[in-house]
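Data first, discussion second: the structure below is written as structure tokens.
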Amino acid sequence: MPPVVLALRRLPAPRLTGLGAGLFAAATMFLLGCLDRLLLDGSPLVYGLLFLPVSALTALWVREADLVTAPISVPIAFAAGVVPIAGGTGGLGGRIMAVVTTLAVHAGWLYGGTLVAGLIASVRKVRQMGRRQRTTTAARATQR
């Protein structure tokens with residue numbers, strides 16, 4: 001086998017519930033947003049680039065029974081992580097407007113990460129359905 005495949009097989013493969021995957025994504029993106037704000041003064045480009053692998057990991061680590069939650073929880077995580085980098089002044093209203101503006105301006109990253117999570121979850125679901133079909137076919141063949 002190629003070394004890349006062997007390296008990928010050694011990676012951890014936790015199976016998170018739908019809620020756990022959402023919490024993982026939201027907490028990770030919030031921490032990455034805080035680090036981005038602290039180290040890079042809230043660079044939206046860096047935040048968006050970091051969002052894509054978090055989206056992929058969320059879709060890869062969610063249980064097969066909860067696959068539908070990955071593309072739903074990823075945009076929520078993006079919004080949670082935007083809060084530290086959005087900035088804003090003038091109290092709560094100014095902060096909320098800064099978050100909404102940041103979400104609108106950087107919607108491309110949001111769509112991209114959601115697309116990544118949706119594609120990975122869809123591929124995993126199709127593979128699960130294929131395994132289930134083969135198992136059912138094999139069980140029927142042994143009964144005859």
Side-chain angles (χ1 to χ4, degrees), residues 1-88 92 94-144:
M1 264 189 211
V4 175
V5 174
L6 293 174
L8 287 174
R9 286 189 175 187
R10 284 191 302 259
L11 287 175
R15 291 296 168 225
L16 302 171
T17 63
L19 179 60
L23 290 174
F24 161 74
T28 303
M29 289 314 300
F30 184 77
L31 289 174
L32 288 174
C34 290
L35 284 172
D36 185 16
R37 179 70 173 184
L38 181 68
L39 299 175
L40 303 169
D41 201 31
S43 169
L45 175 67
V46 172
Y47 180 76
L49 286 173
L50 292 172
F51 176 63
L52 298 176
V54 170
S55 299
L57 286 176
T58 301
L60 286 171
W61 287 352
V62 71
R63 295 184 315 171
E64 287 184 346
D66 296 328
L67 280 172
V68 71
T69 62
I72 295 169
S73 60
V74 167
I76 296 168
F78 185 86
V82 159
V83 173
I85 68 165
L92 181 63
R95 192 88 155 138
I96 291 171
M97 284 304 297
V99 168
V100 170
T101 302
T102 304
L103 287 172
V105 171
H106 303 291
W109 292 111
L110 177 63
Y111 295 150
T114 305
L115 180 66
V116 166
L119 286 174
I120 291 172
S122 296
V123 168
R124 286 185 62 203
K125 186 65 176 178
V126 167
R127 290 183 68 199
Q128 176 194 22
M129 290 167 43
R131 280 192 307 268
R132 187 178 297 155
Q133 181 67 30
R134 284 190 299 273
T135 304
T136 305
T137 304
R140 286 184 184 161
T142 58
Q143 289 176 354
R144 290 181 187 184

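Note that the structure is a prediction, hence the values are computed from the model and not measured. Nothing fancy with the numbering, it's 1 onward along the sequence. The figures that follow rest on heavy atoms only: side chains count, while hydrogens, waters and symmetry mates do not.
Of the candidates L52, T58, L57, V54 forms a side chain to side chain contact (heavy atoms under 4.5 Å, CB included) with just one, namely T58.
With rounding to the nearest 0.5 angstrom, the CG atom of L67 is 11.0 Å from the CD1 atom of I72. Atom OG1 of residue T101 and atom CD1 of residue I96 lie 11.5 Å apart, to the nearest 0.5 angstrom. Rounded to the nearest 0.5 angstrom, I85 CD1 and L35 CG are separated by 12.0 Å. How far CH2 of W109 is from CG of L49: 4.0 Å, rounded to the nearest 0.5 Å. Note that the CG atom of L115 and the CG atom of L110 stand 11.0 Å from one another [nearest 0.5 Å].
Under the side chain to side chain donor-acceptor pair (under 3.5 Å) criterion, R95 pairs with no residue, sequence neighbours left out. Applying the side chain to side chain donor-acceptor pair (under 3.5 Å) criterion to R124, with sequence neighbours excluded, gives no partner residue. Remark: A59 engages A70, A117, I120 in a side chain to side chain contact (heavy atoms under 4.5 Å, CB included) (not counting sequence neighbours). In this structure V46 satisfies the side chain to side chain contact (heavy atoms under 4.5 Å, CB included) test together with D36, L40, S43, L50, sequence neighbours excluded. With sequence neighbours excluded, the residues forming a side chain to side chain donor-acceptor pair (under 3.5 Å) with D66 are R63, listed by chain and number.
The minimum heavy-atom distance between A98 and G87, with the atom names listed, is CB-O, 3.7 Å. For S55 against G113, the heavy-atom pair with the smallest separation is CB-O, 3.3 Å. What you find for G118 and P71 is that their closest heavy atoms are CA-CG, 3.8 Å. In terms of heavy-atom proximity, V82 sits nearest to L103 at CG2-CD2, 4.1 Å.
Annotation: side chain of Q133 is not in contact with side chain of M129 (no heavy-atom distance under 4.5 Å).
Within a 6.0 Å radius of CZ in R127, other residues, nucleotides and ligands contribute 12 heavy atoms or fewer.
Side-chain atoms of T28 never come within 3.5 Å of backbone atoms of A25 as a donor-acceptor pair (strictly under, hydrogens ignored).
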Could you walk me through whether R132 and E64 pass the salt bridge (Lys or Arg N to Asp or Glu O under 4.0 Å) check? CA-CA 12 Å; R132 187 178 297 155; E64 287 184 346; over 6 Å; no
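Contacts classified as ring-ring contact (aromatic ring centres under 6.0 Å, His included) and involving residues 44-64 (residues at least two apart or in different chains) are given here: F24-W61, Y47-F78, F51-F78.
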